Amino acid sequence: MIRRIVGIETEFGVTSTGAGGSRTLGADEIARYLFRPVVERWRSSNVFLENGSRLYLDVGSHPEYATAECDGLRQLVAHDRAGERIVDDLGLRAEQALAAEGVDAKVYLFKNNTDSVGNSYGCHENYLLDRATQVRSIGTALLPFLVSRQLICGAGKILPGTPAGVGLGETPGPTYCFSQRAEHMWDGVSSATTRSRPLINTRDEPHADSARFRRMHVIVGDSNMIETSTLLKVASTRLVLEMLEAGVELRPMAVSHPVRAIREISRDLTGTRPVTMTDRTTMSALDIQREFLAAVQRYLDSGGWERDDRDVVTDCVALWERVLDAVESGDHDSIAGDVDWAAKLRLIRRVQDKTGVDLDHPRLAQIDLTYHDIRPGRGLHSVLERRGLVSRVVDDSAVEHARAVAPESTRAALRGRFITAARAAGRGHTVDWVHLKVMDGTLPTVSLTDPFANEDPRVDDLIAALGR
């Protein structure tokens, strides 16, 4: 069994307001200002940075940050948070550029998954698999877990009511849901990405040696603000995948209609709504999650996951159980420091208790959105974090280190070293997940097909030749 490489891709929502609070610029205009310093420095809006990550402008004028390849859970959390700071820095510089041109505007960047007109943008997870693993079959086994995973790591959302006959699982009035992405998934396992957005994308694009590796591309997850939510999302999924690859027997739990189920689960904060299975029995989201949790606990007890971050995994499994207990008991405040949907729900309920407003009140919609503002001191999550009211996995020094330095235990270290050296030498270069290339063609292109190789004499030679 191979070590597990993981990465997170996050698309950010953007908007701006003028001095009077009115909207001033369209998303495409904001994006031009955001990426102006990137284009000036790199001559492109699609670049790899010295910390091994990828930063680019995605469809719909969404800034997207893809972490470098990580093989540690704390490491991944640090690099995910580093992405927030890198993108927020672009927002600050955009405001300065606008001010220099006489435009009084504030730029807002949100680490969320929906905008006010119903569009959705993603937070995708990538898990390296052995080539022998059948992605579609293991994906089918993973579907019940992903459909119900929102209980432990959803970002939370106020869902407006929908009239009868519109969509799946209509709601007569606004309701608070576990997940932002649940309403925007349209398939279970598919090679599509946007046309028919699936929970799992099966496109065979390993970004590595295709004879040895595959990539599990999960696109159903919410963008998380609390570090423990990110950790729990990735650690639980990574554990379930490893367990499935190891051939651990699970109770058959095939969901009959995954798309309908994920919506229905999202709208039921009790976790008890019956979900129809293919064998015509029913299970609740809590039932499904407890089955997976029990299997993971047995797997760990039998000696699974003998790695350096075993302590982190043990803590995650304990939190997983505690979150399910809180959902079952209805004591959501007990997990409000660890899980995004519960943290946001506590804020909303406190305002409701003080003012008596309904869920469709604009003030609550503002809380729903502002929770995801990535600007330190402005976003509600950052305020909670500064007050010590939400949990952390890494400290600020680890995040700052991740802003500048690639993970040292994966091939990202080689990519970061090359980019840093090429810039210092003033040499034009191009980089992707696999290739390192000097633009003038005077030096050989190096292909890094092993994601675990953090040393390579070919890269050493290439870097040495840059200054000649």
Side-chain angles (χ1 to χ4, degrees), residues 8 10-18 21 23-25 27 30-31 33-34 55 62-65 67 77-96 98 105-116 120-123 153-158 176 179-181 221-231 233 336-351 362-396 398-400 402-403:
I8 297 177
T10 303
E11 297 175 45
F12 294 84
V14 296
T15 191
S16 72
T17 60
R23 185 171 173 272
T24 57
L25 301 171
I30 304 169
Y33 282 95
L34 284 171
L55 174 68
H62 291 285
E64 179 159 346
Y65 180 87
T67 68
V77 172
H79 278 266
D80 181 61
R81 291 302 303 273
E84 294 176 25
R85 297 191 182 182
I86 288 169
V87 173
D88 181 54
D89 185 59
L90 294 180
L92 287 167
R93 296 177 70 176
E95 288 180 352
Q96 293 167 0
L98 286 164
K106 295 292 183 183
V107 174
Y108 293 85
L109 289 146
F110 301 102
K111 193 183 182 190
N112 67 346
N113 302 108
T114 57
D115 63 19
S116 59
S120 179
Y121 31 96
C123 179
C153 58
K157 178 177 175 59
I158 298 173
Y176 188 81
S179 170
Q180 298 202 351
R181 285 286 272 177
D222 287 2
S223 296
N224 292 116
M225 301 298 295
I226 300 179
E227 292 175 5
T228 44
S229 288
T230 300
L231 185 70
K233 174 174 68 178
D338 302 299
V339 180
D340 282 309
W341 68 260
K344 191 193 296 182
L345 180 60
R346 180 166 62 180
L347 292 172
I348 288 170
R349 283 179 170 166
R350 285 180 176 176
V351 172
R363 183 173 176 183
L364 300 186
Q366 187 67 24
I367 290 173
D368 196 352
L369 179 63
T370 308
Y371 179 82
H372 299 272
D373 187 340
I374 63 173
R375 179 67 52 81
R378 189 174 69 188
L380 288 180
H381 164 264
S382 77
V383 172
L384 295 175
E385 185 175 81
R386 186 178 60 197
R387 294 176 180 175
L389 297 176
V390 294
S391 302
R392 299 214 52 185
V393 175
V394 296
D395 59 24
D396 287 341
V399 177
E400 286 303 307
R403 282 187 65 168

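Computed from a predicted structure; not experimentally measured.
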> Closest approach of Arg392 and Val399, non-hydrogen atoms and distance?
Replying inline: NH2-CG2, 4.1 Å
> Do side-chain atoms of Glu95 reach the backbone of Val107 as a donor and acceptor pair under 3.5 angstrom?
Replying inline: yes
>> So does Trp341 get a backbone contact from the side chain of Tyr176, meaning a donor-acceptor N/O pair under 3.5 Å?
In response: yes
> Between Pro63 and Leu34, is any pair of side-chain heavy atoms under 4.5 Å apart?
Replying inline: yes
> Heavy-atom count around Arg378 CZ within 6.0 Å, excluding the residue itself: above 12?
Replying inline: yes
> Of all heavy-atom pairs between Ser382 and Gly377, which one has the smallest distance, and what is that distance?
Replying inline: OG-N, 2.9 Å
> Donor-acceptor pair, Tyr121 side chain versus Thr114 backbone, under 3.5 Å?
Replying inline: yes
>> Please check: side-chain N/O of Gln180 versus main-chain N/O of Asn113, any donor-acceptor pairing under 3.5 Å?
In response: yes
> Between Ser229 and Val339, what is the shortest heavy-atom contact and its length?
Replying inline: OG-CA, 3.2 Å
> Charged N to carboxylate O below 4.0 Å: is that the case for Asp396 and Arg85?
Replying inline: yes
>> I'd like to know whether Asp80 forms a salt bridge (charged side-chain N to carboxylate O under 4.0 Å, His left out) with Lys233, so could you lay out the CA-CA distance, the side-chain angles of the two residues, the decisive distance to 0.1 Å, and finally the verdict.
In response: CA-CA 13 Å; Asp80 181 61; Lys233 174 174 68 178; over 6 Å; no
> Can you name the nearest heavy-atom pair linking Ala398 to Ala78, along with the distance?
Replying inline: O-CB, 4.0 Å
>> Nearest 0.5 Å, please: how far is OG1 in Thr17 from NZ in Lys106?
In response: 8.5 Å
>> To the closest 0.5 Å, what do you measure between NE2 (His381) and CD1 (Ile374)?
In response: 12.0 Å
> Hey, does the side chain of Asn112 reach the backbone of His372 with a donor-acceptor pair shorter than 3.5 angstrom?
Replying inline: no
>> Evaluate Glu84 against Leu109 for side chain to side chain contact (heavy atoms under 4.5 Å, CB included), listing each step before the verdict.
In response: CA-CA 9 Å; Glu84 294 176 25; Leu109 289 146; over 6 Å; no
>> Any heavy-atom pair between the side chains of Leu55 and Val87 that's under 4.5 Å?
In response: yes
> Which atom pair, heavy atoms only, marks the closest approach of Ser120 to Arg181?
Replying inline: OG-NH1, 2.8 Å
> Does the pair Cys153 and Asp222 meet the rule for a side chain to side chain contact (heavy atoms under 4.5 Å, CB included), with working shown?
Replying inline: CA-CA 8 Å; Cys153 58; Asp222 287 2; over 6 Å; no
> If you measure from NZ on Lys344 to OG1 on Thr370, what distance do you get to the nearest 0.5 Å?
Replying inline: 10.0 Å
> At their closest point, which heavy atom of Met225 faces which heavy atom of Asp373, and how far apart are they?
Replying inline: CE-O, 4.3 Å
>> Run Leu98 and Leu25 through side chain to side chain contact (heavy atoms under 4.5 Å, CB included) and show every step you take.
In response: CA-CA 11 Å; Leu98 286 164; Leu25 301 171; 3.7 Å; yes
> Under 4.5 Å between any side-chain heavy atoms of Ile8 and His79, yes or no?
Replying inline: no
>> By the definition side chain to side chain contact (heavy atoms under 4.5 Å, CB included), identify the one residue from Val393, Asp340, Asn224 that meets it with Thr230.
In response: Asn224
> Judged by atom type as modelled, is there a donor-acceptor pair below 3.5 Å linking the side chain of Glu227 to the main-chain atoms of Val394?
Replying inline: yes
> Does the pair Arg403 and Asp89 meet the rule for a side chain to side chain contact (heavy atoms under 4.5 Å, CB included), with working shown?
Replying inline: CA-CA 11 Å; Arg403 282 187 65 168; Asp89 185 59; 4.2 Å; yes
>> Does any part of the side chain of Asp115, heavy atoms only, come nearer than 4.5 Å to the side chain of Phe110, both counted from C-beta?
In response: no
